[in-house]
Amino acid sequence: MGLHPLEFSECYLDSPVFREKIKSHEAELDKTNRFIKELYKDGKNLINATKQLVLAQRKFAQSLGEFQFEYIGDAKTDDERCIDESLQEFSNFLKNLEDQRELMMRNITETLMKPLEKFRKEQLGSAKAERKKYEKETEKYYSSLEKLLNMSAKKKEPQLQEADSQVETIRQHFQEESLDYVCKLQEIQERKKFDCVEPMLAFFQTVFTFYHQGFELANDFNHYKKALQINIQNTRSRFEGTRVEVFELMKRIREVPQEYKQTSPISSEGYLYVQEKRPPPFGSSWVKRYCTFVKEQKILHMVTFDHRSGGKMGETESVTLKSCVRKTTDMLDRRFCLDIEITDRPGTVLTVQSLSEDDHKFWIHAMGGKEPAGQYLGKTYSKERGIDAQLNDVGLSFVKNAINAIETRGINDQGLYRVVGVSSKVQKLLSLMIDEKSNDVDLSTCEEWDVKTITSTLKLYLRSLPEPLMTYGLYKDFIAPAKGGSPESRSQAIHCLVHKLPEKNRLVLGLLLKHLATVAAHSKLNLMTVANLGVVFGPTLMRPQEDTVAAIMDLKFQNIVVEILIEQHEKIFGDVPGPSSPGLSAPTRQSKKLSVRQNRPLAVYNPKKVDLQTVSPTSPDVGSNSDEASLGSNESVSSQSTASGTHTSCKTTISTYLTEGKMNSLWFSTFNLCLSLCLSLSVSLSVSLSVSLSVSLSRAMAVYPCEAEHESELSFQVGAIFRAVVPSREPGWLEGELEGKKGLIPENYVEML
């Protein structure tokens with residue numbers, strides 16, 4: 001697993017596990033920082049090395065351009081003249097190549113080096129600055145908290161209130177800084193995916209451009225190279241003839257030297273200060289521990305953790321709670337204290353101190369604690385009541401009303417559903433439309449409500465439902481196919497899931513998706529493509545029950561699901577998946593040619609050898625599980641069977657099959673095998689057998705949709721009726737006719753009629 005998402009809610013608990021998560025994120029950013037610094041250094045070295053290469057190449061080119069052959073004689077042949085000019089051509093080629101290399105180096109600096117350094121300094125640098133502020137605020141908060149908790153309860157009330165107020169202000173500032181820091185960490189973790197890789201992509205594009213330019217230069221040089229090769233070959237040929245003459249001359253000179261003289265890469269949790277008693281005269285000390293109270297077992301786990309010591313975690317101690325009572329300041333000169341009686345050590349009372357009055361009440365409530373007589377535990381809280389939107393006839397009427405108005409008045413409005421209405425007007429319209437007494441307004445003709453207010457009200461209604469349209473229960477199921485699989489398997493899975501929704505949900509969803517498809521059809525004018533609508537309605541139509549950062553990370557998958565629903569709404573809401581569908585996908589189909597289509601798995605039929613002498617079509621319980629197991633376990637044909645015996649058994653099996661008309665998968669497979677063997681043995685089937693065959697296997701109905709993968713196969717939808725169906729020679733397949741076209745049909749995609 002990768003890095004854990006940092007939940008904003010954890011900023012308020014500030015648990016050791018949360019701090020460990022932050023450390024993991026910080027370590028990853030430190031690693032990224034080191035990587036970019038090292039890459040930048042290597043890039044500089046690469047650029048410097050390339051500059052040195054450029055200088056060396058240019059020096060080499062200069063030398064070539066400056067050199068000129070001297071020829072013997074007072075004139076040059078045409079070949080010799082071309083050879084002489086070739087050094088200047090080589091020099092010009094290298095200079096052009098180095099011009100491109102220098103351009104590449106300048107582009108690398110602009111497209112790779114500067115963006116990486118900018119990301120390191122601006123993003124990673126800002127994270128480092130935020131980290132220092134966070135650590136500073138941590139130190140400040142916990143120091144002030146300890147100072148507050150150590151204050152005497154006998155101080156005057158105004159002093160205590162002032163101290164509480166100061167710590168509360170510091171706490172809020174610390175939590176705000178914590179939220180900002182967590183947000184920053186996760187932002188940079190996401191940004192680095194494109195801010196780091198995009199410059200590298202640009203770098204490689206620059207490199208590829210350089211090599212392409214080199215390729216183009218080579219192409220341009222090609223015609224000269226060929227001509228030069230001819231010049232060289234001619235010169236060499238001439239040389240060979242000349243050399244012979246030279247040796248002859250040398251020979252003669254040797255003979256008469258005097259005449260020729262010449263030279264030559266879970267539960268309730270939070271911090272509590274625990275009183276640890278020491279033997280006299282040392283008294284007691286208060287140790288900060290992160291505590292987790294498991295309510296069902298009444299177990300309190302305590303782990304020592306000090307933020308100021310680099311976040312070092314101590315050992316975990318666990319105790320079983322017997323009772324909890326608030327400790328008054330009359331008994332102990334410290335506020336927010338509790339006495340916890342534990343069962344592990346009878347008679348032992350553990351005194352702990354919470355961090356504030358609210359925290360004190362929280363722990364009393366969590367541990368089922370008691371107040372001293374006459375004491376009031378604290379105020380009660382009530383949940384604010386929101387808009388009472390329901391998926392009922394009134395809601396359905398509003399959805400239809402809104403859709404009709406939008407399509408009538410604003411289907412071509414730019415940014416439809418993206419541009420939002422005024423919040424107060426949206427609330428007012430929704431309250432009006434979900435009120436049975438006043439929801440008879442026809443929005444398509446009412447100019448009081450503009451289109452953006454209607455679109456925003458429709459979205460607000462869907463978001464205000466007690467449960468999203470696509471339900472909490474099916475959320476993970478809808479998300480799963482969007483995270484993997486082929487486009488066909490995603491569509492098929494979502495199709496089946498839509499038909500698992502409650503009827504009213506499916507009805508409203510169908511109306512909405514049909515409308516969104518209409519909106520997308522006008523995207524040239526309203527600019528709301530399917531992808532844009534997916535972004536708007538993904539979190540509106542489906543969401544998890546809990547709002548977490550981890551859930552937010554799934555937004556992109558929600559968008560994908562909505563896009564599929566919009567693009568394929570006619571098929572998804574118009575066709576019902578086959579009633580015998582085993583799960584979310586149709587069965588696999590038999591591959592006719594494994595060498596051509598080896599990615600297709602085998603069908604139901606298992607092509608094991610069968611002893612035809614032992615297969616009796618009239619055996620009891622034909623088609624039962626025991627028969628299938630028996631047939632499947634038969635692995636070899638009797639070695640004593642002859643071609644004649646096989647021929648007789650095959651004919652008997654086929655005849656019995658046709659007579660009894662058994663249509664289960666076992667007999668179909670047996671029939672296929674027998675028919676194939678008969679054909680392979682050149683058995684001539686009688687006319688009556690052919691007639692029986694066409695009668696017994698005349699019709700079949702598709703129970704799954706199928707897309708042909710070969711020109712010899714048929715494509716069909718659920719419910720298609722095939723005629724003239726007969727077994728194919730290929731195991732697992734049938735042959736049949738659909739709408740006048742003949743072809744192969746996967747055997748386990750149909751039911752015989």
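For this chain, numbers begin at 1 and follow the sequence in order. Computed over heavy atoms, backbone and side chain alike; hydrogens, waters and symmetry mates excluded.
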I'd like to check [X] versus [Y] (side-chain heavy atoms, cut-off strictly below 4.5 Å). Are they in contact?
| X | Y | value |
| --- | --- | --- |
| S268 | F362 | yes |
| F293 | E269 | no |
| K425 | L429 | no |
| L541 | L512 | yes |
| I188 | D195 | no |
| V498 | L565 | yes |
| S523 | L533 | no |
| E747 | W733 | no |

K192 NZ: over 12 foreign heavy atoms closer than 6.0 Å: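 For K192, atom NZ is crowded (more than 12 foreign heavy atoms under 6.0 Å).
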So does E168 have more than 12 non-hydrogen atoms from other groups sitting under 6.0 Å from CD?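 Yes, enclosed.
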By ring pair (Phe, Tyr, Trp, His ring centres under 6.0 Å) - contacts of H499 (at least two apart):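 Once residues adjacent in sequence are excluded, the partners of H499 under the ring pair (Phe, Tyr, Trp, His ring centres under 6.0 Å) criterion are H495.
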Rounded to the nearest 0.5 Å, how far apart are [atom1] of [X] and [atom2] of [Y]?
| X | Y | atom1 | atom2 | value |
| --- | --- | --- | --- | --- |
| Q186 | E190 | CD | CD | 8.0 Å |
| F398 | I454 | CZ | CD1 | 8.0 Å |
| L185 | D180 | CG | CG | 11.0 Å |

Checking the side chain of [X] only, and the main-chain atoms of [Y] only, is there a donor and an acceptor separated by less than 3.5 Å?
| X | Y | value |
| --- | --- | --- |
| D413 | V451 | no |
| T471 | E467 | no |
| E735 | K742 | no |
| T455 | K452 | yes |
| H569 | I566 | yes |
| R409 | T445 | no |
| Y271 | D14 | yes |
| N526 | V519 | yes |
| S126 | E122 | yes |
| Y181 | A127 | no |

Taking side-chain hydrogen bond (donor to acceptor under 3.5 Å, both in side chains) as the criterion, tell me which of E10, E7, H4 meets it with K21.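 Running side-chain hydrogen bond (donor to acceptor under 3.5 Å, both in side chains) over E10, E7, H4 with K21 returns exactly one hit, E10.
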Among R171, H173, E177, Q172, find the one that has a side-chain hydrogen bond (donor to acceptor under 3.5 Å, both in side chains) with Q175.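 Passing option: R171.
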Could you go step by step and tell me if Q427 and L460 meet the side chain to side chain contact (heavy atoms under 4.5 Å, CB included) rule? CA-CA 8 Å; Q427 295 276 352; L460 179 60; 4.1 Å; yes
Show your reasoning for whether ring-ring contact (aromatic ring centres under 6.0 Å, His included) applies to F478 and F557. CA-CA 9 Å; F478 273 111; F557 302 115; over 10 Å; no
Between S178 and Y12, does a side chain to side chain contact (heavy atoms under 4.5 Å, CB included) hold up when you go through it step by step? CA-CA 8 Å; S178 180; Y12 294 90; over 6 Å; no
Under the side chain to side chain contact (heavy atoms under 4.5 Å, CB included) rule, collect the residues that match up with L525, sequence neighbours excluded.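 Only N412 meet the side chain to side chain contact (heavy atoms under 4.5 Å, CB included) criterion with L525.
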Begin with the C-alpha distance, continue with both residues' side-chain angles, and end with the deciding distance and a verdict on side chain to side chain contact (heavy atoms under 4.5 Å, CB included) for T518 and I411. CA-CA 8 Å; T518 303; I411 196 68; 4.2 Å; yes
H515: partners by side chain to side chain donor-acceptor pair (under 3.5 Å), with sequence neighbours left out: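 For H515 the side chain to side chain donor-acceptor pair (under 3.5 Å) partners, ignoring immediate neighbours, are E407, Y417.
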